[in-house]
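To start, the structure under review is shown below, and the notes come after it.
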Amino acid sequence: MIRGIRGATTIEKNEANEIIDATEELLREMIRANDVKASDVASVLISATEDVTAAFPAQALRRIEGWTYVPVMCMQEIPVPHSLPRCIRVMMTVHTTKAQEEIAHIYLRNAVQLRPDLSLTRKKEL
């Protein structure tokens, strides 16, 4: 079965290396916390606030062989202008026998999650 894992992290500066490093850290933490293999990842969808260049997460994914980069901005994740810090959000689909309820949704320190009503919530570091 294919299940979804969500994650988010914020970026302090709009610099390519920091964005790539933060994206890779988030992706690896999502895999580690859910005890899945990179080869079990079906797709990775990344959305970012306007002040984060969208090409940088794609570069990060291209470093991990076999992963698929799909540039998608989910409707519920479209930010209100100037309402968020620099933020990268990830939706990863994985092949797993775990029920959705058993899958961790990872939010790193200072990460911001947008709920469908566009209000903000803060998640503590795991």
Between atom [atom1] of [X] and atom [atom2] of [Y], what is the distance when rounded to the nearest 0.5 Å?
X: Thr96; Y: Asp40; atom1: OG1; atom2: CG; value: 7.5 Å
X: Ile5; Y: Met30; atom1: CD1; atom2: CE; value: 5.5 Å
X: Asp21; Y: Ile19; atom1: CG; atom2: CD1; value: 10.0 Å
X: Glu29; Y: Asn34; atom1: CD; atom2: CG; value: 9.0 Å
X: Arg6; Y: Leu45; atom1: CZ; atom2: CG; value: 9.0 Å
X: Asp35; Y: Ile103; atom1: CG; atom2: CD1; value: 11.5 Å

Could you tell me if the side chain of [Y] sits less than 4.5 Å from the side chain of [X], heavy atoms only?
X: Thr10; Y: Arg86; value: no
X: Thr97; Y: Met1; value: no
X: Leu27; Y: Met92; value: yes

- request: Quick one: closest heavy-atom pair of Ile2 and Ala42, and the distance?
  value: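 Heavy-atom minimum between the residues: CD1-CB, 4.4 Å.
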
field: For Ala33 against Ile106, the heavy-atom pair lying closest together
entry: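 In this case the closest contact between Ala33 and Ile106 is CB-CD1, 3.5 Å.
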
query: Would a distance-only check, ignoring hydrogens and angles, find a side-chain to backbone donor-acceptor pair under 3.5 Å from Lys98 to Arg3?
result: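 No; judged by distance alone, with no hydrogens or angles, the pair does not exist.
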
Thr93 (side chain) donor-acceptor with Ser43 (main chain) under 3.5 angstrom: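 Flag set: sc Thr93 to bb Ser43 pair under 3.5 Å.
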
query: Can Glu25 and Thr9 be said to form a side chain to side chain contact (heavy atoms under 4.5 Å, CB included), step by step?
result: CA-CA 9 Å; Glu25 179 185 355; Thr9 190; over 6 Å; no

- request: Please name all residues satisfying side-chain contact (heavy atoms from CB on, under 4.5 Å) with Glu12, sequence neighbours left out, ordered by chain then number.
  value: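 side-chain contact (heavy atoms from CB on, under 4.5 Å) list for Glu12, sorted by chain: Glu18.
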
